[in-house]
Q: 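Below you'll find the structure I mean.
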Amino acid sequence: QVQLVESGGGSVQSGGSLRLSCAASVFPFSNFCLAWFRQAPGKEYEGVAGIGSNGKTAYADSVNGRFTISRVAANNTVYLQMNSLKPEDSAMYYCAAQVRCNDRLLVGLSRWDFGTWGQGTQVIVSS
């Protein structure tokens with residue numbers, strides 16, 4: 001059964017950092033595109049960062065330069081390092097995966113391109 005389990009969310013002050021983790025039981029891990037999305041109350045889902053099977057990455061303009069996505073095959077985990085956090089980064093963060101990865105999935109980071117989702121982890125950034 002394909003499963004994604006996020007962890008690492010929490011509360012932090014503006015300017016602080018958090019690292020989100022997503023343990024993925026997707027096989028083979030290397031064949032999947034992985035991404036992080038977020039949804040703030042009353043807002044649409046936003047693609048935050050994505051990483052392809054070849055390590056290519058993509059970021060939303062709003063987080064580029066502050067967030068870093070990475071994947072570690074040894075433990076089937078994808079990470080999102082979030083630095084210089086702002087109150088507008090507050091949201092529920094979701095890990096998502098899609099098999100038969102290709103670079104097209106990283107363009108625009110549409111939620112409709114990713115078929116497997118985790119339950120989410122909450123991030124709150126206070127000013």
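For clarity, every value in this text was computed on a predicted model and none was experimentally measured.
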Q: Relative to each other, are the rings of Trp117 and Tyr45 parallel, tilted or perpendicular (30° and 60° limits)?
A: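 Correct class here is perpendicular.
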Q: Any heavy-atom pair between the side chains of Tyr93 and Glu6 that's under 4.5 Å?
A: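 Side chain of Glu6 against side chain of Tyr93, heavy atoms only: no contact under 4.5 Å found.
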Q: So do Phe67 and Leu85 actually touch side chain to side chain, heavy atoms under 4.5 Å?
A: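 Side-chain contact under 4.5 Å: yes.
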Q: Provide the closest heavy-atom pair for Phe114 versus Ala96 in the form atom of the first, atom of the second, distance.
A: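 The pair with the smallest heavy-atom distance is CB-CB, 3.8 Å.
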Q: Enter the distance from Asn76:CG to Phe32:CZ here, rounded to the nearest 0.5 Å.
A: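 Here the rounded value is 10.0 Å.
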Q: Could you grab the distance from atom CD of Glu44 to atom CD of Gln39, nearest 0.5 Å is fine?
A: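 It is 7.0 Å, given to the nearest 0.5 Å.
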Q: Using 0.5 Å steps for rounding, measure from the OG atom of Ser90 to the CD atom of Gln122.
A: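 Answer rounded to 0.5 Å: 8.0 Å.
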Q: Just checking Gln13: does its CD atom have more than 12 heavy atoms from other residues, nucleotides or ligands closer to it than 6.0 angstrom?
A: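 For Gln13, atom CD is not crowded (no more than 12 foreign heavy atoms under 6.0 Å).
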Q: Looking at CE of Met92 and CD of Gln119, how far apart are the two atoms once the value is rounded to the nearest 0.5 Å?
A: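 If we round to the nearest 0.5 Å, Met92:CE and Gln119:CD are 9.5 Å apart.
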Q: If hydrophobic clusters are built from ILVMFWY residues whose side chains come within less than 4.5 Å, do Phe37 and Leu18 share one?
A: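 No, it is not one cluster - the side chains of Phe37 and Leu18 are not joined through contacts under 4.5 Å.
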Q: Drop me the distance from Cys22's SG to Arg71's CZ, to the nearest 0.5 angstrom.
A: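 Cys22 atom SG to Arg71 atom CZ measures 10.5 Å (nearest 0.5 Å).
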Q: Side-chain heavy atoms under 4.5 angstrom apart, residues restricted to Ile, Leu, Val, Met, Phe, Trp, Tyr: same cluster for Val48 and Leu106?
A: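 Val48 does not cluster with Leu106.
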Q: Measure across Asp113 and Leu105 and return the closest heavy-atom pair with its distance rounded to 0.1 Å.
A: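 Scanning both residues completely, I find the closest heavy atoms to be O-CD2, 3.8 Å.
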Q: Check whether any side-chain heavy atom of Tyr94 lies under 4.5 Å from a side-chain heavy atom of Leu4, and answer yes or no.
A: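 Tyr94 vs Leu4: side chains apart.
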Q: Measuring only between side-chain heavy atoms, which start at C-beta, is Met82 closer than 4.5 Å to Val125?
A: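 Side-chain contact under 4.5 Å: no.
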Q: To the nearest 0.5 Å, what is the distance between CG (Asn64) and OG1 (Thr57)?
A: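 Here the interatomic distance stands at 8.5 Å.
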Q: Grab the two heavy atoms, one from Ser14 and one from Ser127, that are nearest each other, plus how far apart they are.
A: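 Here Ser14 and Ser127 meet closest at CB-CA, 4.1 Å.
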Q: Identify the heavy atoms of Cys101 and Ser53 that sit nearest to each other, and give their distance.
A: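 Looks like SG-N, 3.5 Å.
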Q: Can you confirm whether the side chains of Glu88 and Ser62 place a donor and an acceptor under 3.5 Å from each other?
A: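 The criterion, which ignores hydrogens and geometry beyond distance, is not satisfied for Ser62 and Glu88.
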Q: For the side chain of Ser84 and the backbone of Arg66, is there at least one donor-acceptor N/O pair under 3.5 Å apart?
A: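 Judged by distance alone, no pair lies under 3.5 Å.
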Q: Of all heavy-atom pairs between Leu20 and Gly9, which one has the smallest distance, and what is that distance?
A: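 Of all heavy-atom pairs spanning Leu20 and Gly9, the closest is CD2-N, 3.6 Å.
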Q: If you look at every heavy atom in Leu34 and Ile69, which pair is closest and at what distance?
A: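 In terms of heavy atoms, the two residues are closest at O-CD1, 4.0 Å.
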Q: Please say yes or no: joined through hydrophobic side-chain contacts below 4.5 Å, possibly via intermediate residues, are Trp36 and Phe29 part of one cluster?
A: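 In one cluster: yes.
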